[in-house]
Participant: 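The structure follows.
Here is how names work: the chains are called A, B, and so on, in the same order as the sequence lines, proteins then strands, and each is numbered from 1.
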Protein chains: 2
Amino acid sequence: MVSDPHTTLSQRLAGSGLRLTPQRELVYGVLLSQRDHPSAEDVFARVKGQLPSISLATVYNCLETLVNCGLVKQVNMERGPSRYCPNLHEHAHLHDEISGRVFDLELPADLAARLHLLLPAGYSLSAIELNFHARPAVPLQEAAAASHAEGQEAGAEKPAPTQIAS
Amino acid sequence: MVSDPHTTLSQRLAGSGLRLTPQRELVYGVLLSQRDHPSAEDVFARVKGQLPSISLATVYNCLETLVNCGLVKQVNMERGPSRYCPNLHEHAHLHDEISGRVFDLELPADLAARLHLLLPAGYSLSAIELNFHARPAVPLQEAAAASHAEGQEAGAEKPAPTQIAS
DNA sequence: AGTGAGAATAGGAATTATTCCAATGAAAGT
DNA sequence: ACTTTCATTGGAATAATTCCTATTCTCACT
Ligand SMILES: [Mn+2]
Ligand SMILES: [Mn+2]
Ligand SMILES: [Zn+2]
Ligand SMILES: [Zn+2]
């Protein structure tokens, strides 16, 4: 039985002797409602729509609080702004190097189990991260066409193929 | 048959139309000789011993060049300075959260193969990263003793157990 | 050997992402 | 109400990296 976000948040915070504030609730809400692994700046922009007076420092504070409560994971797949993920299931991340987007990937339980076995004796695990860096494969047909008209374009251009809905 | 670093470097650079310079060679040498996943600043300090006139910007440039040549991998297991790894075998990383050190972990070929299968169709893989974050397990005996004298100490204190030689 | 074009380095300025700090505001305990 | 503690804000400070420009080096060509 999964309780609503408000309750979850409120309980986790209470468990750490922290208060449930509008800012924390909004930040958490933003993460839950658009699971695209936004950066702190992204979250700031989104929350600002609902609470224009919020400050960036507060967003950083709230994110840190949520991470410490274990409700959110900080994702660092490469240098650059940290991103934030409210998906608590053990999962992998796919970084689309063209669009810059990050997607969640299911991680089969038996595979996860095998990964855990790799940890050397004498260590106590705090987290495993599995990150895929990839780019949309060019369909064979287009590849042929492209090889005629050469030329490098930068930035995002084509809609991703068979993409998981956000 | 594995050729010496000088040759490898020289060939890779040539392959990209780049020059073999003393700075690039020293930076690469430093990475090969102490495989502790140093940051750019670490590399800078080490190279400076051999070439005091080198600049930090050049170290960054050389590292980027080596990464682009595919001789070195940039490692970002968390926010903070990037670290650099000259180990080209498919391997995992272990981050010791207490000492801050990063170690290479063997990744069995069959497991690596299974990981590759997780990549969704329509993507072409550029890299997989598998990172373990862990801390030295407290041996049972000490755990008991510690639970008497409570108190939180910060920073590194105790020599790591059963550690892989650096 | 001399010259010019392009590549690379060095040093410092600029930028980015984040953290720190001090003042103010809100909530909880008494 | 009064006090203590927690949280938010805005701005300053910091850390890591990137950018910029002058200078140096290399190589190719005379
Ligand atoms: Mn990537
Ligand atoms: Mn870590
Ligand atoms: Zn995720
Ligand atoms: Zn490594």
Side-chain angles (χ1 to χ4, degrees), chain A residues 9-10 12-30 37-48 50-69 71-72 74-84 100 102 154, chain B residues 9-10 12-30 37-69 71-84 100 102 154:
Chain A
L9 176 56
S10 160
R12 284 292 183 112
L13 289 171
S16 308
L18 301 172
R19 294 172 188 164
L20 177 58
T21 67
Q23 288 85 350
R24 285 172 180 167
E25 195 159 4
L26 284 170
V27 166
Y28 187 46
V30 155
H37 304 85
S39 66
E41 288 277 2
D42 293 336
V43 172
F44 180 50
R46 292 175 196 176
V47 170
K48 221 164 181 186
Q50 309 182 248
L51 181 66
S53 65
I54 199 172
S55 76
L56 178 56
T58 297
V59 170
Y60 274 105
N61 288 339
C62 292
L63 289 170
E64 186 186 10
T65 298
L66 294 172
V67 169
N68 291 339
C69 286
L71 282 175
V72 166
Q74 191 174 30
V75 177
N76 284 290
M77 309 186 56
E78 48 196 355
R79 60 161 318 295
S82 291
R83 315 187 87 176
Y84 296 87
V102 172
Chain B
L9 176 56
S10 159
R12 285 289 184 113
L13 288 171
S16 309
L18 300 172
R19 293 175 186 163
L20 177 57
T21 66
Q23 289 85 348
R24 285 170 178 168
E25 194 158 8
L26 285 170
V27 165
Y28 188 46
V30 155
H37 305 82
S39 67
E41 288 277 3
D42 293 335
V43 172
F44 181 50
R46 292 175 197 176
V47 170
K48 222 165 180 185
Q50 308 181 249
L51 183 65
S53 65
I54 198 171
S55 75
L56 178 56
T58 296
V59 170
Y60 274 105
N61 288 339
C62 292
L63 289 171
E64 186 185 12
T65 299
L66 294 171
V67 169
N68 291 339
C69 285
L71 282 175
V72 166
K73 282 182 294 189
Q74 192 174 30
V75 177
N76 284 291
M77 308 186 57
E78 48 196 357
R79 56 163 311 297
S82 291
R83 316 186 86 176
Y84 296 87
V102 172

Participant: Going by the rule salt bridge (Lys or Arg N to Asp or Glu O under 4.0 Å), which residues pair with B:Arg46 if we only count those two or more places apart in sequence or in a different chain?
Facilitator: B:Asp36

Participant: If you look only at pairs with a residue in residues 57-69 of chain B, which of them pass as a side-chain hydrogen bond (donor to acceptor under 3.5 Å, both in side chains), with sequence neighbours excluded?
Facilitator: B:Ser55-B:Thr58

Participant: Write down the distance between CG (A:Leu26) and P (D:dA7), rounded to a whole number of angstrom.
Facilitator: 16 Å

Participant: Please report, rounded to the nearest Å, how far the C1' atom of C:dT9 is from the CG atom of B:Leu20.
Facilitator: 15 Å

Participant: Does the side chain of A:Thr21 get closer than 4.0 angstrom to OP1 or OP2 of D:dT8 through an N or O atom?
Facilitator: yes

Participant: Can you measure from CZ (B:Arg12) to CG (B:Leu18) and round to the nearest 0.5 angstrom?
Facilitator: 12.5 Å

Participant: Once side chain to side chain contact (heavy atoms under 4.5 Å, CB included) is applied, do any residues pair with B:Ser53, and if so which ones, sequence neighbours excluded?
Facilitator: B:Leu51

Participant: What is the minimum heavy-atom distance between B:Leu56 and B:Ala40, and which atoms define it?
Facilitator: CD1-O, 4.4 Å

Participant: I'd like to check A:Leu66 versus A:Val27 (side-chain heavy atoms, cut-off strictly below 4.5 Å). Are they in contact?
Facilitator: yes

Participant: When you compare the side chain of A:Val59 with that of A:Lys48, does any pair of heavy atoms fall below 4.5 Å?
Facilitator: no

Participant: Would you mind listing every side-chain hydrogen bond (donor to acceptor under 3.5 Å, both in side chains) that reaches into residues 14-30 of chain A, with sequence neighbours excluded?
Facilitator: A:His6-A:Glu25

Participant: Take atom CG of B:Leu66 and atom C1' of C:dA8, then tell me their distance rounded to the nearest Å.
Facilitator: 14 Å

Participant: Listed in order of residue number, which residues of residues 47-55 of chain B have a non-hydrogen atom at under 4.0 Å from DNA chain C?
Facilitator: B:Ser53, B:Ile54, B:Ser55

Participant: In degrees rounded to 10°, what angle is found between the helical axes fit to the five outermost pairs at each end of the helix from C:dA1-D:dT30 to C:dT30-D:dA1?
Facilitator: 20°

Participant: Under 3.5 Å between N/O atoms: give me all the protein pairs with nucleotides 3-6 of chain D, atom names plus distance.
Facilitator:
{"unit_1": "D:dT5", "atom_1": "O2", "unit_2": "A:Arg19", "atom_2": "NH2", "d": "3.3"}
{"unit_1": "D:dC6", "atom_1": "O4'", "unit_2": "A:Arg19", "atom_2": "NH1", "d": "3.4"}
{"unit_1": "D:dC6", "atom_1": "O4'", "unit_2": "A:Arg19", "atom_2": "NH2", "d": "3.3"}
{"unit_1": "D:dC6", "atom_1": "O2", "unit_2": "A:Arg19", "atom_2": "NH1", "d": "3.4"}

Participant: Can you see if the side chain of A:Gln23 gets near the phosphate of D:dT9 - specifically, an N or O under 4.0 Å from OP1 or OP2?
Facilitator: yes

Participant: Which pairs of donor and acceptor atoms, one on a side chain in residues 73-80 of chain B, lie under 3.5 Å apart (sequence neighbours left out)?
Facilitator:
{"unit_1": "B:Lys73", "atom_1": "NZ", "unit_2": "B:Asn87", "atom_2": "O", "d": "3.4"}
{"unit_1": "B:Gln74", "atom_1": "NE2", "unit_2": "B:Ser82", "atom_2": "OG", "d": "3.3"}
{"unit_1": "B:Gln74", "atom_1": "NE2", "unit_2": "B:Tyr84", "atom_2": "OH", "d": "3.3"}
{"unit_1": "B:Asn76", "atom_1": "OD1", "unit_2": "B:Ser82", "atom_2": "OG", "d": "2.8"}
{"unit_1": "B:Asn76", "atom_1": "ND2", "unit_2": "B:Ser82", "atom_2": "OG", "d": "3.4"}
{"unit_1": "B:Glu78", "atom_1": "OE2", "unit_2": "B:His95", "atom_2": "ND1", "d": "3.1"}
{"unit_1": "B:Glu78", "atom_1": "OE2", "unit_2": "B:His95", "atom_2": "NE2", "d": "3.1"}

Participant: Distance from A:Leu9 atom CG to A:Cys69 atom SG, nearest 0.5 Å?
Facilitator: 7.5 Å

Participant: Going 5' to 3' through nucleotides 15-24 of chain D, assign each nucleotide B (protein heavy atom under 4.0 Å from a base atom), S (under 4.0 Å only from sugar-phosphate atoms) or - (no protein heavy atom that close).
Facilitator: -SBBB-----

Participant: Donor-acceptor check, side chain of A:His37 to backbone of A:Arg83, threshold 3.5 angstrom: yes or no?
Facilitator: no

